[in-house]
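Here the structure is laid out as structure tokens; the discussion comes afterwards.
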Amino acid sequence: MFYKKIIRPIFFKFDPELIHDLALFFLKITSRITPLRRLIQKICLVDDERLATRIGKITLPNPIGLAAGFDKNITAPLAYKMLGFGWVEFGSITYEPQSGNPRPRLWRLPADKSLIVNYGLSNCGAIEARKRLEKIPNWARPFGVSIAPSNSASIQSMADDYLKSFLLLAPVADYITLNVSCPNVAKRDCFTQVSFIEELLTKISQIAKEKDIDKDIFLKIGPDLPKDELDKIVDLCIKYQLAGMVAVNLVKDRSGLPTIKSRIDQMNHPGGISGRLTAPISNQVIQHIRKRAQQRLKIIGAGGVFDADDYFDKIKAGADCVQMMTGWIYQGPMAVKKINYRQSALKQKELEQKQPDARRDRAVSWPFLPEKVFTIKDLIFEIYKAKDLFTKDWVSQAHQDIIKNIRRSYLRYGDIDLIDEYDEKAVVFFCRVLDQQNCLFEQGVEFFTSRFVPAHGEPHSTEDLDLFLCQNKTIHDWFKNTLLSREKNYLQNIITVSRNAGVSGCQLQNNENHEPAKLKHSALSFIFMNHVFASEYGGQYKYLTAVLRDEIFARYKDKIRDFFDHDLVFPRFNKLLGLDEHELKLKRERTVYKYPGYFLNSSQITSLIENLYQQEKLSYRTLSRYIKDFSPEIFFDKNASWRETVCRLKGLGRMFSQQGVLEFSDLTGEELRELIDNVVDDAPGLHAIRFEDWREQLNKIINSF
Ligand SMILES: Cc1cc2nc3c(=O)[nH]c(=O)nc-3n(C[C@H](O)[C@H](O)[C@H](O)COP(=O)(O)O)c2cc1C
């Protein structure tokens, strides 16, 4: 209301392009101020996992995107999540920077809630765009980039011009849209032709294969194509295995529009039309593509989405998700929220009505048989074995892929290998949790994995035993000479549980952004996998060890207490020897400094860096060399969540393990590590328990329900 009654009338008194530029500038500034961004996001974003939508290889947090053309030059990339959009498409970008058509080149048609657009592909060019895209942090993803031909490219070199932009931009984007439909450029008639599109797709798919660029590609078409040409283009998209199509771009041919209410003089400007007037034509095109392509292409619908009804019209016509721009400009910043809110309410209603069918559907679509199933109230825990002890073979490639995808959530601690040499001798489990109350949607499913690594065999020992010291003696020493001194081969008696990681159902499909998961059932999954391991292999081992972070173990404990009224006991290693907790320490060696987000206390690290920054021992320049997108106000924000802190600590691994002087600094890596050792505590501890005690405890828990 406030926007429509006050802001919009003021905006509409000024030149549309000026207002567009000012809006972008305002968004750029506000989105960089973290507390303000969070506040606006709280107001505008509908945070409901059920809205997650899959297109190609990416999962959109919700199906409403900002269409290409609003932020052509990647000016305010942090703003769109804050405004509630599921994603943004930047561009269109051409290889050469270009200024586009002379001003004025944007006009409003308020009576028709539409715009006339005649920008002519003004943009900063692919080289500059790449630099800007590289700076976008992971949390602001996903985003697509629309590419188009430079005006300077001849008809013969047009496809190669696209290729140059593709090679530069595809590696940093989540997907690429080939815009073959801008109505406002001189060579338009050429690049919308089927023969050109075929040449373009041949070249693009060839280069993508050669350069191993595995990104989704969409083709954006105009609304004015004859049906037989449209069919041919759809067939080409299928043939070249594009992820889908964006339908549609601006309307050039005004004869197909519904009755226009705007005055003739307002319509007198050159350019393409967007907004309300384009909705019927866009829906027809979407319907046509869906009929032709069936389910072989995803469709991003665009053209005249203003509210939830327009959104549902597009979905009914066959779109998988929609983009909007003109509707957002006319309706104001709450438009996206209103649509998502309607969807969210609808999903809830569906859930309540269709639950029995949904359960049956899920049971049919999952192909693996669990080792064991546990049921508590409405929760089903299915335990699967992905590989066995002392074999390199996984049960199937799909099992290995599942484990990799779950472990991706780990990468926020540093760039570790998803599968490593310890997996070769380990038994690896995963647990699939189905929440029957919620099983219609991805958030009703969770996955969790743990592996059990025996200390004997190759590689000798396990990571965990090599990471800690107790009373300055190695853990091996303690096992060999004290705890297992009577055993011939002490290593044969030790098993370690590690790589405990989880993701929600929708992240399992695509966790490339390494988003932290909001999981509810990790503790129970962990217990059930341990129980299965103990029943099958437990007799062989005398001790179980695990490196666990305090806050995670505390959460496990709380959960087990809530469910089973049992106090989970898995003490630190020193307890086995009757020694004090402070006697147990991480060996401050390479691994610890390389993955500080996992091994070191995150807030203490941040404070240390802040102090060094204020004392000018670490300069902005130095920190920027090591930390991607370093900005003091984000990095030192005390209100940052633990997860954000961990994410940003990732960049510090290289700095903390530096040999000799740091870049642009007098400080050496050695000096920095000494400072860290003085003030930063260990984050995880080495836990250890007699296996017999562990098994007894698990039995007690399992038998209590
Ligand atoms: C000001 C403006 C600039 C645009 N620039 C581009 C562009 O550069 N590339 C592109 O593919 N589409 C561009 N479009 C088209 C939009 O992406 C979208 O397809 C079209 O506007 C229909 O959606 P709408 O009715 O929600 O605005 C532009 C649209 C507008 C209004």
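Quick note: residue numbers are just sequence positions, from 1. For ligands, and for the atoms within them, numbers begin at 1 and follow the listed sequence.
Considering backbone and side-chain atoms together, Tyr119 places no N or O closer than 3.5 Å to any N or O of ligand 1. Ligand 1 has an N or O atom lying under 3.5 Å from an N or O atom of Gly275, backbone or side chain. Taking distance alone, with nitrogen or oxygen atoms compared against 3.5 Å, Lys220 approaches ligand 1 more closely than that limit. Close N/O approach between Leu115 and ligand 1 is not found [any backbone or side-chain N/O within under 3.5 Å]. Between His20 and ligand 1, a contact under 3.5 Å exists for no N or O pair. On a distance-only criterion, Gly304 and ligand 1 share at least one N/O pair closer than 3.5 Å. Every N/O-N/O distance between Gly327 and ligand 1 stays at or above 3.5 Å. No N or O atom of Val305 sits closer than 3.5 Å to an N or O atom of ligand 1.
In this structure, atom 21 (O) of ligand 1 lies nearest to the protein heavy atom Ser274 CB, 3.3 Å.
Within the 3.5 Å criterion, the main-chain N or O of Leu201 finds a donor-acceptor partner in the side chain of Ser205.
Between Tyr330 and Phe12, the ring center distance clears the sub-6.0 Å criterion.
Among pairs with a residue in residues 45-75, those fulfilling ring pair (Phe, Tyr, Trp, His ring centres under 6.0 Å) read His20-Phe70, Phe70-Trp328, at least two apart in sequence or across chains.
Under 4.0 angstrom from ligand 1, the non-hydrogen atoms of Asn249 come from both its backbone and its side chain.
Not counting sequence neighbours, Thr278 has no partner by the side-chain hydrogen bond (donor to acceptor under 3.5 Å, both in side chains) test.
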